[in-house]
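Take a look at the following structure, please.
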Amino acid sequence: MTDDIYDHAYVAALFDRCSERYRRWSAVSSFGLAWLWRRQCVDRLHGQSQIARIQNGQVTKQAQKCPQVVDLMSGTGEVWPHVFDAFPRAQISAIDISQNMHAHAVTRLNQSRSRQINHFEANALDTDLPASSADMVVATFGLKTFNADQQTVLAHQISRILREGGCFSLIEASDPKGWLLRPLYRAYLDRALPLLERVFLHGAQDFNIIGTYTKNFGDCRHMAVALHAAGLNVTFKRHFFGCATSVAGTKPIAPDAPAP
Ligand SMILES: C[S@@+](CC[C@H](N)C(=O)[O-])C[C@H]1O[C@@H](n2cnc3c(N)ncnc32)[C@H](O)[C@@H]1O
């Protein structure tokens, strides 16, 4: 097994091991902020879906009734309740590289919703989702395990799978550089969390590495640049003093070719 924390096999194995405790750990260790940030990410997706309907100053189209939503790095499906609140008839394609995270997502699925979700065990950097097949792309807390080059590849994938006029919203825990309380926040991530992990997760150290990913990730700025370079309209936002950052936007509709 490789030691490269950005190798996809390393990441898949890490989340396979974390899968059983992931949901509870993410809710408790973030004091509920992870729930709020997922909500805010979907709020941004909803906002962008409205903006995407405006062309030449006019609201052009009916909102998509059954939008095709791709949830990248879907994990145990924590964002789905928020997606269904905003888009009750959404069809979700859940992409995750970890087999066990998918398995836990399936066991928690409400039967009535299971037909609205398709699971794909796949590398998000290399999916065979058809081009222009998604109305929306969402990703919550799935960016940090990508280095800068991988984020650039991911941005191109997002641009490829989104249809023109489609929209996206991505959020990630971030390093709140410049925030007065940053030393406290870092101490929590770097020291308190590993300790909690040792006590409550029976010595498992896998969640520990997430602090490292967050520190290396910085914030969503590089992703914003990469998405823009991939041809998308992008806006960047800080959440709670920069402890999370998000990028949201749309894929522009190409102007009609002039009549000959
Ligand atoms: C921190 S979890 C986030 C899960 C969920 N989206 C949430 O809001 O809690 C990150 C997820 O990204 C997945 N992941 C990491 N690298 C991936 C890749 N290259 N392709 C697909 N999934 C990946 C992991 O397996 C893991 O389930």
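All residue numbers in this chain count up from 1 along the given sequence. Atoms within each ligand, like the ligands themselves, are counted from 1 in listed order. The figures here come from the full heavy-atom set of this structure, side chains too, leaving out hydrogens, waters and symmetry mates.
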Ionic contact status for R238 with D219, cut-off 4.0 Å: no
Flag side-chain contact, heavy atom, 4.5 Å: R113 against W80: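 The answer is no, as the side chains (C-beta and beyond) never meet within the 4.5 Å cut-off.
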Heteroatom distance test (I95, ligand 1): nitrogen or oxygen, under 3.5 angstrom: no
Closest to atom 25 (O) of ligand 1 (judged by heavy-atom distance), picking from D96, V138, T127: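 It is D96 that holds the nearest heavy atom.
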Nearest option to atom 9 (O) of ligand 1, as decided by whichever heavy atom of Y22, F141, Y6 sits closest: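 Residue with the shortest heavy-atom distance to the ligand atom: Y22.
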N or O contact, D71 vs ligand 1, cut-off under 3.5 Å: no
Close approach, E78 and ligand 1, non-hydrogen under 4.0 angstrom: yes
Ligand 1 atoms in contact with V11 (distance to a heavy atom under 4.0 Å):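 Those atoms are 15 (C), 16 (N).
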E20 atom CD, over 12 foreign heavy atoms within 6.0 Å: no
Which residue and heavy atom of the protein sit nearest atom 8 (O) of ligand 1, plus the separation: T140 OG1, 2.6 Å
Polar contact flag for V79 and ligand 1 (N/O pairs, less than 3.5 Å):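 No - when backbone and side-chain N and O of V79 are compared with those of ligand 1, no distance drops under 3.5 Å.
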Residue selection (non-hydrogen contact nearest atom 5 (C) of ligand 1) among A139, S74, A34, A94: S74
Sub-4.5 Å side-chain heavy-atom contact between K251 and I158: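 The answer is no, as the side chains (C-beta and beyond) never meet within the 4.5 Å cut-off.
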Protein contact to atom 14 (N) of ligand 1 [nearest heavy atom, distance to 0.1 Å]: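 Here the closest protein heavy atom is M73 CG, 3.6 Å.
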Element-labelled atoms of ligand 1 that are located less than 4.0 Å from some non-hydrogen atom of T145: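 What qualifies from ligand 1 is 15 (C), 16 (N).
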Contact check, side chains of I51 and N233, non-hydrogen atoms, under 4.5 Å: no
A124, any N or O under 3.5 Å of ligand 1 N or O: yes
Close side-chain approach of C243 to W179, heavy-atom, < 4.5 Å: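 Contact flag for C243/W179 side chains = yes.
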T76, any N or O under 3.5 Å of ligand 1 N or O: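 No, since none of the N or O atoms of T76 sits under 3.5 Å from an N or O of ligand 1.
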Where T127 and R160 come nearest, the two heavy atoms and their spacing: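 Heavy atoms of T127 and R160 come nearest at O-NH2, 3.3 Å.
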Heavy-atom side-chain proximity of L143 to L154 below 4.5 angstrom: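 SC-SC contact between L143 and L154 confirmed.
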Partner of D175 under salt bridge (Lys or Arg N to Asp or Glu O under 4.0 Å), chosen from R182, K144, K215: R182
Ligand-side contact atoms (ligand 1) for residue partner S98, heavy atom cut-off under 4.0 Å: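 Every atom of ligand 1 under 4.0 Å from some heavy atom of S98: 25 (O).
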Atom indices of ligand 1, in the order listed, that fall short of 4.0 Å to a heavy atom of A122: 20 (N), 21 (C)
Protein heavy atom at shortest distance from atom 17 (C) of ligand 1: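 The closest heavy atom on the protein side is I97 CG2, 3.7 Å.
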Positive for ring-ring contact (aromatic ring centres under 6.0 Å, His included) with Y6, one of Y213, F146, F217: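 It is Y213, the one option of Y213, F146, F217 that forms the ring-ring contact (aromatic ring centres under 6.0 Å, His included) with Y6.
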Side-chain donor-acceptor pair present, S169, H46, cut-off under 3.5 Å: no
For N123, the ligand 1 atoms whose distance to one of its heavy atoms is below 4.0 Å: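 So the atoms of ligand 1 that pass are 18 (C), 19 (N), 20 (N).
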